[in-house]
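We number each residue from 1, following the sequence as shown.
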Amino acid sequence: MLGRLTAMLVIGSLSLMLAACQTTVSFPGAPLGNDPATPPISGLMAKPAGNGPFPAVVMLHSCGGMKPHLDAGWPAYFTSLGYAVLAVDTFGSRGYGPCPNPLWAFATLFVKDAYGALDYLVKQPFIDANRVAVIGFSIGADHINNALIPWRVRKPGEHDFKAAIAFYGRCDATGSYPEGSIPLMEVIAENDTGTYSSGCINKLTMNPRIQVHVLAGAYHAFDVPGARGQKDPAGNTMVYSAIATNEAREYAGAFLRKHLGSIR
């Protein structure tokens, strides 16, 4: 327990330092099939000290938009491991707040934004273009599972994500996870509701190519400070847990080290 507390205190300190070195960047959403690129949107970029090149992660937010776990907590953790981070603001960039809004179910938009962020990253001299992963939270995870993974939109020779992580998202991708897809990890809360809980877990455990971790006793949005039992627009009960968050970070760190490597 002391080790977990120490880790949380360290991440808290890193979050404070990170706030001073984050930068807002702008990039268009990538073209997708016959859909053209979208006008530029914004995201928050954070990177470790030094010149790199760094492996990197693109983060897609939940229905809540850019909450503190995305603009401080997770970036602080990933940069401490040696990864650059680009958190994409799909809602706020277009003038929308949290769900419900016209964009939340627009899978094409999330996928275009994710690849737009990737295309931006691979042009940066401090990024290793061949080591970039995508991570989604709730609705962001849904769009990884049900669109980005099964659509396989990148052509041979184009830069693509090397791995994907879905935090507390619906796992319908189980039936459409093509052979040769990028490695996928699902992190699920035991006490999540609806399609996120037992039915989701049972589906995922039937596909040995998808790595699955179930956080005991955790609820939806377990990594969102301020979640104290309120419901999200889909009716999921949200409860923050420092213990579950730390466990999820450990799983994510191990998964990224396996598939992207690290400079530290």
Side-chain angles (χ1 to χ4, degrees), residues 24-45 57-75 85-121 134-154 161 164-173 175-176 186 189 192-197 200 219-227 229-238:
T24 299
V25 299
S26 179
F27 50 89
L32 186 63
N34 294 324
D35 282 350
T38 65
I41 62 168
S42 64
L44 280 177
M45 167 71 77
V57 295
V58 169
M59 297 197 302
L60 307 179
H61 60 62
S62 70
C63 259
M66 293 289 286
K67 288 189 175 294
H69 68 312
L70 276 173
D71 62 26
W74 282 103
V85 180
L86 177 50
V88 180
D89 189 1
T90 292
F91 292 167
S93 296
R94 297 176 170 94
Y96 289 98
C99 297
N101 64 46
L103 305 183
W104 74 275
F106 197 173
T108 300
L109 196 63
F110 273 77
V111 173
K112 292 172 78 169
D113 287 357
Y115 278 109
L118 173 64
D119 291 342
Y120 172 85
L121 284 173
V134 61
I135 299 175
F137 301 80
S138 193
I139 194 65
D142 289 357
H143 294 315
I144 287 175
N145 286 339
N146 305 313
L148 191 149
I149 291 281
W151 290 355
R152 305 182 73 179
V153 299
R154 285 282 149 136
F161 294 110
I165 301 175
F167 288 108
Y168 47 90
R170 282 187 289 264
C171 51
D172 307 59
S176 55
E186 301 278 345
D192 215 337
T193 52
T195 57
Y196 297 81
S197 54
C200 181
Y219 289 79
H220 197 75
F222 56 79
D223 60 333
V224 180
Q230 62 269 46
K231 304 280 188 180
D232 73 0
N236 302 303
T237 301
M238 302 183 294

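Qualifying ring-ring contact (aromatic ring centres under 6.0 Å, His included) partners for H69, counting only residues two or more places apart in sequence or in other chains: F137. For T108, the side-chain hydrogen bond (donor to acceptor under 3.5 Å, both in side chains) test picks out no residue, with sequence neighbours left out.
Nearest heavy-atom pair, V153 versus L32, reported as atom, atom and distance to 0.1 Å: CG1-CD1, 3.1 Å. What you find for I144 and I165 is that their closest heavy atoms are CD1-O, 3.8 Å. Here the shortest heavy-atom pairing between G169 and A141 reads CA-CB, 3.7 Å. Across all non-hydrogen atoms, the minimal contact from A114 to V58 is O-CG1, 4.3 Å. Nearest approach of A166 to N145, heavy atoms of both residues: CB-OD1, 3.7 Å.
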Pairs under 3.5 angstrom only: tabulate donor-acceptor contacts from the side chains of residues 33-44 to other protein residues two or more places apart or in another chain.
| residue | atom | partner | partner atom | Å |
| --- | --- | --- | --- | --- |
| T38 | OG1 | G29 | N | 2.9 |
| S42 | OG | S93 | OG | 3.0 |

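Here the straight-line distance linking atom CG of L109 with atom CG of L103 works out to 6.0 Å at 0.5 Å rounding. Rounded to the nearest 0.5 angstrom, F161 CZ and I149 CD1 are separated by 10.0 Å. From N101, atom CG reaches atom CZ of R94 across 10.5 Å, with rounding to the nearest 0.5 Å. Separating the CG atom in D119 from the NZ atom in K112 is a distance of 12.5 Å, to the nearest 0.5 Å. We find the CZ-CD1 distance between R170 and I139 to be 5.5 Å, quoted to the nearest 0.5 Å. Taken from OG1 in T90 to NE2 in H61, the straight-line distance is 4.5 Å, to the nearest 0.5 Å.
F91 CZ: more than 12 foreign heavy atoms inside a 6.0 Å radius.
Side-chain contact between P75 and M59 is present, with at least one heavy-atom pair separated by less than 4.5 Å. Side-chain contact check for Y120 versus V25: some heavy-atom pair is nearer than 4.5 Å. Put simply, the side chain of K231 reaches to within 4.5 Å of the side chain of T237, judged on heavy atoms. Considering only heavy atoms from C-beta on, D232 comes within 4.5 Å of H220 through its side chain.
Checked by atom type and distance alone, the side chain of N146 pairs as donor or acceptor with a backbone atom of D142 at under 3.5 Å.
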* Chi angles and distances behind the side-chain contact (heavy atoms from CB on, under 4.5 Å) call for V88, F27 -> CA-CA 10 Å; V88 180; F27 50 89; 4.1 Å; yes
* To do: Let me see the working for L148 and F110 under side-chain contact (heavy atoms from CB on, under 4.5 Å), right down to the final yes or no.
  => CA-CA 9 Å; L148 191 149; F110 273 77; over 6 Å; no
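Ring pair F222/F167 is perpendicular by interplanar angle, where above 60° counts as perpendicular and below 30° as parallel.
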